[in-house]
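In what follows, a single structure is set out as structure tokens and then discussed.
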2 protein chains.
Amino acid sequence: MAPRDTKAKILEAALELFRERGYEAATMRAIAKRARVSLGNAYYYFGSKEHLIQAFYDRTHAEHIAAVGLELGASKDLRGRLLWVMRKKLETIQPYHQFASVLFRSASDPTSPLNPFSRESEPVRREATAVFARVVDGVHAISKDLREELPNLLWLYHMGIVLYWIHDESEGQWRTWKLMERSVDLIAKVVAVASMSGLGPVRRKILALLRDLRADEEHEAPGTAQ
Amino acid sequence: MAPRDTKAKILEAALELFRERGYEAATMRAIAKRARVSLGNAYYYFGSKEHLIQAFYDRTHAEHIAAVGLELGASKDLRGRLLWVMRKKLETIQPYHQFASVLFRSASDPTSPLNPFSRESEPVRREATAVFARVVDGVHAISKDLREELPNLLWLYHMGIVLYWIHDESEGQWRTWKLMERSVDLIAKVVAVASMSGLGPVRRKILALLRDLRADEEHEAPGTAQ
DNA sequence: GTCTATAACCGGATAGAC
DNA sequence: GTCTATCCGGTTATAGAC
């Protein structure tokens, strides 16, 4: 069998078992067995169990980008564009909510390559941030200095919403939806106010701090938190 | 030997080994050996390795409260008081930096009792929030509506700083210190500006959202993220 | 019934033969 | 690239000491 098929077969078995039994019960041995492959062989293709989870992330990430589309819902203001992206995000990850806690556990381990702040996740993070850059680019009424920091800030905001979503056990995660819609509203308003440069010194200080943080990261990234 | 001493000895050994070798290398067998106790005995007192982490968590929390003291450094303005609390926090956790990543791994697992948003952590979270309430209480120039939300917000802020710290590999975590000091400065300024109620509607909307989120939590907490 | 110790068990990960 | 055999460490079962 072609190596590519073997790898796909293992991944398929893993995703099946994750869905059927959850993360803990889906042992590497069971995955290998389901894929009719030896344990060692499974490890030949996937360095660790975590690498199998990465498939989930990559998939939902790709799905989100596709769902967002090229025109971002054709909206022209920040509120509409951000709302579109966030809605698509929540819709994309919704089917995985019951597994999310386990799947995202490794994501929050700073030593894990799955961590969104890690070197390995940088490509995905960059792509995700690019989506928010597109959100911002389509809007006129944003001051230049703010425009520069906004994509990163929005990405961070979206991570916060996802974190809330993970913990949200309300029916259909309606609380997350409510929070998301109200906070998107707020963000649009705050950006509007801030863009009129009404609060000179404080605003400048905030932007300077954000700029410095990004500069530090360029060298040897500790993270983007806060 | 009295049981209490045995338990303390095991915890002591565990913390030592966590500090010396980090979490992975500090095996339960090594911990038991260091404590001159059998493996089974260690498990008699601590149901799992996670329980040892919980003990660590409780201890640093208590240390922080003690370090903060009753007068919060005798400062009278928000900047000084918050700075004092945050400095004590970073000083308290500093010795455990290399093992902190693991602490946070389980802490961010929504199914883990260690999760700061979990039911089990509620007492600690409440105590920690109380510290920030004391920070706020000692300051005069804060508007009433803001004063109500601030303790929770500051707790959340402090979690963000800790998250940054965990990822921060700079010498002595100087980046975290810099970020902390600058952001404390900013928070004090923002609170000052916001307390003069200059930005009516936006400010009211933000506070209303925060109030609603807290109200939701009262019933069946999904989390306090963002 | 409270504590301690030893010997498994289980699953993630690795080594090395083919 | 695929296998088998093995390691390693968290966890559990269980036997016994006080």
Side-chain angles (χ1 to χ4, degrees), chain A residues 1-18 20-56 99 102-103 105-109 111-115 120, chain B residues 1-57 98-99 101-107 109 111-114:
Chain A
M1 181 178 305
R4 198 151 297 213
D5 290 348
T6 305
K7 183 167 185 177
K9 211 172 47 175
I10 293 167
L11 178 56
E12 207 49 50
L15 295 184
E16 271 176 42
L17 284 172
F18 284 152
E20 286 174 24
R21 308 187 195 171
Y23 182 77
E24 307 297 339
T27 68
M28 287 298 283
R29 283 167 175 82
I31 291 166
K33 195 170 181 180
R34 170 78 58 109
R36 293 168 198 282
V37 144
S38 76
L39 176 63
N41 199 195
Y43 273 100
Y44 175 80
Y45 285 105
F46 297 92
S48 76
K49 208 173 169 182
E50 269 187 2
H51 282 78
L52 284 166
I53 302 178
Q54 182 91 50
F56 251 121
F99 314 102
V102 210
L103 295 174
R105 177 177 54 186
S106 21
S108 45
D109 175 0
T111 65
S112 159
L114 286 179
N115 186 285
E120 289 85 341
Chain B
M1 179 178 305
R4 198 151 297 216
D5 291 348
T6 305
K7 184 166 185 177
K9 213 171 50 175
I10 294 167
L11 177 56
E12 211 49 51
L15 293 184
E16 270 175 44
L17 284 172
F18 284 154
R19 229 175 318 168
E20 287 173 23
R21 310 186 194 170
Y23 182 77
E24 307 296 341
T27 69
M28 288 299 283
R29 284 165 177 86
I31 291 166
K33 194 170 181 182
R34 169 78 59 109
R36 292 167 197 282
V37 142
S38 74
L39 177 63
N41 199 193
Y43 271 98
Y44 177 80
Y45 285 106
F46 296 93
S48 74
K49 209 172 170 183
E50 246 189 18
H51 282 75
L52 284 167
I53 301 179
Q54 176 74 271
F56 157 83
Y57 191 73
Q98 68 153 326
F99 132 76
S101 63
V102 184
L103 164 74
F104 199 75
R105 176 177 52 187
S106 15
D109 176 359
T111 66
S112 161
L114 285 180

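Letters A, B, ... are given to chains in the order of the sequence lines, protein chains preceding strands, and every chain is numbered from 1.
The two atoms that bring B:Leu52 and B:Ala14 nearest to each other are CD2-CB, 3.9 Å, heavy atoms only. Pairing each heavy atom of B:Ala55 with each of B:Leu11, the nearest pair is CB-CD1, 3.5 Å.
Remark: B:Glu16 pairs with B:Arg34 by the salt bridge (charged side-chain N to carboxylate O under 4.0 Å, His left out) rule, at least two apart or across chains. Applying the side chain to side chain donor-acceptor pair (under 3.5 Å) test to B:Ser48 and every residue at least two apart in sequence or in another chain returns B:His51. Applying the side-chain contact (heavy atoms from CB on, under 4.5 Å) rule to B:Ala30 yields the partners B:Leu17, B:Arg21, B:Thr27; only residues at least two apart in sequence or on another chain are considered. By the side-chain contact (heavy atoms from CB on, under 4.5 Å) test, A:Ala8 is found to be paired with no residue, residues two or more places apart in sequence or in another chain being considered.
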Under 3.5 Å, which N/O atoms of the protein pair with N/O atoms of nucleotides 16-18 of chain C?
none

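Rounded to whole Å, the distance from CG on B:Asp5 to C1' on C:dT4 is 16 Å. Atom CD1 in A:Ile53 sits roughly 11 Å away from atom P in C:dG12 (whole-Å rounding). Note: CZ (A:Phe46) to P (C:dG12) measures 15 Å, nearest angstrom. Summarising the geometry, the separation between CE on A:Met28 and P on D:dT4 is reported as 16 Å, rounded to the nearest angstrom. Rounded to whole Å, atom P of D:dG9 lies 19 Å from atom CD of B:Glu50. A:His51 has its NE2 atom 15 Å from the P atom of C:dG12, to the nearest Å. One can place CZ of A:Arg21 at 11 Å from P of C:dG11, the figure rounded to the nearest angstrom. Atoms OH (B:Tyr45) and C1' (D:dG10) sit 20 Å apart, rounded to a whole Å.
Between B:Tyr44 and C:dT4, a side-chain N or O to OP1/OP2 separation shorter than 4.0 Å is absent. Between A:Thr6 and the phosphate of D:dT2, there is a side-chain N or O to OP1/OP2 separation shorter than 4.0 Å.
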Under 3.5 Å donor-acceptor pairs involving side-chain atoms of residues 39-47 of chain A, not counting sequence neighbours:
none

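In the region residues 29-43 of chain B, proximity to DNA chain D at under 4.0 angstrom, judged on heavy atoms, holds for B:Arg29, B:Leu39, B:Tyr43.
Going from atom CG of A:Asp5 over to atom CD1 of A:Ile10 covers 11.0 Å, rounded to the nearest 0.5 Å.
More than 12 non-hydrogen atoms from other residues, nucleotides or ligands lie less than 6.0 angstrom from NZ of A:Lys49.
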